[in-house]
Structure formats: C-alpha cells, structure tokens
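Start at 1 and go down the list; that is how both ligands and their atoms are numbered.
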Amino acid sequence: MSTVILGIETSCDDTGVSIVVDGHLIKSNVIASQTSIHNQHGGIVPELASRQHIRDIMPVIDLSLKESEMDITDIDIISATYGPGLAGSLITGLNAAKTISMCLSKPFYGVNHLEGHVYSAWLDQATGPDKQIGFPIVALIASGGHTDLVLMKDHGIYELLGHTLDDAAGECFDKAARILGLGFPGGPEIQKTAGEHLSDFHLPRAWLPGTSNFSFSGLKTAVLKLAIDQNVYPEDSSKLDKKSRDNLIIEISAAFQESVVDVLSSKVIKAASDHRAKGIIIGGGVAANLPLRERINQLSPIPTYIPVPRLCTDNGAMIAAAAYYQQLRQEPWDLKLDINPGLKIYDIVH
Ligand code: KG4
Ligand code: ZN
C-alpha cells in the first residue's frame with residue numbers, strides 16, 4: 001500500500017503545494033512565486049509575502065490536486081512547514097494543513113523547513129547513484145536565510161557541524177546582486193551574469209580554519225568596495241560607458257561566485273572526509289547554483305545527491321518527502337502545533 005502525502009510550504013515567499021507518493025514520486029508540485037512582487041523592492045517584504053500567501057494558498061492546493069489527478073480523499077497524510085521562516089508566511093500554510101487534516105480526519109505532520117531541504121535529495125528528480133543513501137551523510141543547507149553544515153546520522157537525526165556566523169550564502173548572493181544593479185533573487189542573476197567567465201579579480205574567502213563555520217559578511221563588504229573602486233556603484237555616479245560597466249559587472253559577479261563556490265565546496269568535502277561520510281547532500285536555493293553543483297561533484301570521492309535546481313529552491317514536495325520518513329518513525333503531531341520562526345535543524349524530534 002502506498003502512502004500519499006500532501007506537502008505545504010509557505011515559510012518565505014513561495015506558496016508551494018505538492019502531492020508525493022512514498023516519499024519520492026512527485027505527482028504534482030505547484031509553486032506560486034512572489035518574485036515579481038518582491039523584485040520591485042529589491043528583497044522580501046514580509047507583510048506583502050504573508051498577504052500573498054493568503055491569496056494563493058487555496059488556488060495552489062486546488063491546482064496541485066488537479067495536476068495530480070487525485071481527489072482530496074486520496075490523501076493519506078497532510079504535512080506543512082512550521083519553521084523556520086517568516087511568522088506571517090508560515091502561519092498560512094500551517095493553518096491550511098491543520099484545517100484539511102481536521103476536516104478529513106487524516107494525520108498531520110509538521111516539518112522543519114531545513115529538514116525539507118535535506119529530504120529533497122530523496123525525491124526521484126534528485127541526481128545520485130541510487131536512493132539507498134547510506135548514513136552518515138554530510139548535508140549542506142544553503143539558502144536565503146541559512147548556511148548550515150550538518151551530519152545526518154540517520155533519518156531525522158542531525159548534528160550541527162557548522163553554520164554561518166553572519167550572513168547566509170543566499171543572502172550574500174542577493175546583496176552582491178543588488179550592489180551590481182542585478183535583479184532579485186540575486187543567485188540566479190549572478191550565475192547568469194558570470195556565465196563561464198574566469199575573473200581577473202580575486203575576492204577574499206573566510207576559511208575559519210579548524211571549524212565548519214562560514215562567514216560571508218567580509219565578502220559582501222569586499223564586493224561593495226570593489227564595485228565602488230571600479231565606479232560600478234553607485235550606478236548613477238558611474239563614469240563608465242555601458243560596455244565597460246557591463247564587463248566589470250561580469251568580472252565582479254564571476255569573482256564573487258567563485259569565492260562562494262570555493263568556500264562552500266571545500267568545507268563540505270573536508271567535513272565529509274573528517275566524518276567518514278558515505279554521501280553528500282546539498283540543498284536550499286544556493287544548491288541550484290550550477291558551478292557549485294559541478295565543483296562538489298568533481299571534488300567528491302563519495303556519492304553526491306543533488307536535487308534538480310527547481311527542487312533546491314522552496315517547494316512542497318520536499319516537505320512531503322520529509323513527512324514520509326517522519327511518519328515511518330513517529331506518531332502524528334498534535335493539531336496544537338504552532339509556528340516556530342526560529343526553529344533550528346537539530347530541533348526536529350517532538
Ligand atoms: O531555499 P530558498 O528557495 O529559500 C529560503 O529558504 O531562503 O533559497 C533562496 C536563496 C536566495 O537567496 C537566492 O538568491 C538563492 O537561494 N539562489 C541561488 C540560486 N538560485 C537561488 N543562489 C545561487 N545560485 C543560484 N542559481
Ligand atoms: Zn528554503
């Protein structure tokens with residue numbers, strides 16, 4: 001008998017609803033993106049995000065059911081993200097899930113968003129030699145709000161190896177893109193702008209030797225300084241013609257991306273070796289970055305499991321996948337579960 005799980009994700013600026021069978025087979029995965037709303041402001045405006053989730057949640061649930069060609073009564077388990085994230089955003093998805101669970105009398109599972117990013121590696125559309133991922137696994141979760149390196153010892157058991165001491169990697173991509181006058185979110189913009197270019201500039205790397213921690217605030221400051229020195233920032237004070245300015249933006253984007261890729265990939269590979277990991281997972285929006293994916297694949301002597309780019313960014317399928325493995329080992333959650341905006345990766349067991 002297969003288990004059909006509805007996964008709802010509304011922790012930030014995407015309303016994601018997916019139907020996943022047995023933790024890996026995606027029947028539908030609908031995402032209403034708010035990028036065009038937040039783009040105008042150069043970053044996420046929490047108030048606008050929460051209002052848009054309220055508008056989108058019901059149509060996205062309906063569309064996800066329609067695309068799966070299933071009826072709501074076919075769903076066995078309802079799951080939703082309860083943290084970390086923006087309070088006003090989390091509450092919409094969590095309440096929708098609890099309401100559906102109550103109306104259908106079907107079990108409800110609350111999912112840690114960060115654990116969801118890890119479990120996107122179990123979805124069929126993740127690359128990797130097979131789905132029998134052996135433990136322990138080193139997982140890098142690099143998103144707009146987090147950069148965590150964890151040792152996953154078994155399903156649902158995590159040890160935090162390191163985290164960012166200041167900005168998250170995705171946040172740094174977003175800020176660098178803003179300095180360079182590129183769009184939001186910054187990660188895909190920087191990747192597109194940098195292309196395959198090898199930059200003549202060298203930006204700093206915070207290695208923080210002897211630890212698995214990260215720091216990106218120095219890199220952000222270095223990008224700003226370089227952009228000012230090269231007359232790229234502020235944009236309207238530029239003494240440059242368009243072609244020279246565009247070339248410099250490519251140079252700085254490539255140098256920036258190379259610095260982030262170098263640090264993230266080196267630290268993941270080192271941690272995997274130190275902890276004798278049997279596999280490496282990368283997840284979160286920054287894991288969509290093609291040079292990062294290629295570098296980790298090149299450097300890793302052990303199997304890597306990397307979701308396709310659209311499953312690295314926020315989606316409901318990863319929440320359903322995490323809920324599937326949760327329900328194999330624990331009872332459903334009480335419907336009194338509240339949002340937890342500051343939830344950590346190791347705060348999993350209830
Ligand atoms: O996981 P995610 O969708 O949302 C959060 O949980 O934060 O991650 C969003 C972050 C943004 O900062 C975005 O700029 C970054 O992921 N991102 C990328 C790429 N695609 C998204 N960063 C680098 N390269 C990409 N291709
Ligand atoms: Zn995320």
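- Ligand 1 places these atoms under 4.0 Å from at least one heavy atom of His117: 1 (O), 6 (O).
- Ligand-side atoms of ligand 1 in range of Pro185: 13 (C), 14 (O), range being under 4.0 angstrom from any heavy atom.
- The side-chain contact (heavy atoms from CB on, under 4.5 Å) test with Lys267 is passed by exactly one of Leu140, Thr211, Leu161, Thr147: Thr211.
- For atom 25 (C) of ligand 1, the choice among Ala177, Gly187, Ser120 with the nearest heavy atom turns out to be Gly187.
- Checking Val286, Asp174, Leu290, Val260 against atom 11 (C) of ligand 1, the nearest heavy atom belongs to Asp174.
- Ser101 contributes no side-chain N or O that, together with a main-chain N or O of Ala97, makes up a donor-acceptor pair within less than 3.5 Å.
- With a 4.0 Å heavy-atom cut-off, ligand 1 is reached by no atom of His146.
- Atom 10 (C) of ligand 1 has Gly144 N, 3.5 Å as its closest protein atom, hydrogens excluded (heavy atom only).
- Closest to atom 6 (O) of ligand 1 among all protein heavy atoms lies His113 NE2, 3.2 Å.
- Note: Phe216 and Phe214 have parallel aromatic rings, judged against thresholds of 30 and 60 degrees for the angle between ring planes.
- Of all protein heavy atoms, the one lying nearest to atom 19 (C) of ligand 1 is Gly285 O, 3.4 Å.
- Near Gly145, meaning under 4.0 Å from one of its heavy atoms, ligand 1 places the atoms 7 (O).
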Between side-chain atoms of residues 55-62 and protein atoms elsewhere (two or more places apart, or another chain), which donor-acceptor pairs fall under 3.5 Å?
from  : atom 1 : to    : atom 2 : distance (Å)
Arg55 : NH1    : Gln52 : OE1    : 2.5
Asp56 : OD1    : Gln52 : NE2    : 3.4
Asp56 : OD2    : Gln52 : NE2    : 3.3

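- Protein heavy atom at the shortest distance from atom 26 (N) of ligand 1 is Gln191 OE1, 2.9 Å.
- Using a 4.5 Å heavy-atom threshold, the side chains of Glu69 and Lys27 count as separate.
- The Gly186 neighbourhood of ligand 1 comprises atoms 14 (O), with distances under 4.0 Å to a heavy atom of that residue.
- In terms of modelled atom types and a separation under 3.5 Å, the side chain of Lys98 and the main chain of Leu337 share a donor-acceptor contact.
- Using cut-offs of 30° and 60° on the angle between ring planes, the pair Tyr325 and Trp122 is tilted.
- Of all protein N/O/S atoms, those under 2.8 Å from the Zn ion (ligand 2) are His113 NE2, His117 NE2, Asp314 OD1, and waters are not counted.
- Contact detail for Thr164 and Ser215: the closest heavy-atom pair is OG1-CA, 4.2 Å.
- Among protein heavy atoms, the minimum distance from atom 24 (N) of ligand 1 is reached at Asn289 ND2, 3.1 Å.
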Could you give the side-chain donor-acceptor pairs of residues 37-49 under 3.5 Å, partners two or more places apart or in another chain?
from  : atom 1 : to     : atom 2 : distance (Å)
His38 : ND1    : Val45  : N      : 3.1
His38 : NE2    : Gln34  : OE1    : 2.8
Asn39 : OD1    : Phe184 : N      : 3.4
Gln40 : NE2    : Ser36  : O      : 3.1

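- Numbered from 1 in the order shown, with element, the atoms of ligand 1 that lie under 4.0 Å from a heavy atom of Asp314 read 1 (O), 2 (P), 3 (O), 4 (O), 5 (C), 6 (O).
- In this structure, Lys106 has no side-chain hydrogen bond (donor to acceptor under 3.5 Å, both in side chains) partners at least two apart in sequence or on a different chain.
- Side chain of Ser120 to backbone of Cys312: no donor-acceptor contact under 3.5 angstrom is found.
- The ring of Phe201 has its center no closer than 6.0 angstrom to the ring center of Phe256.
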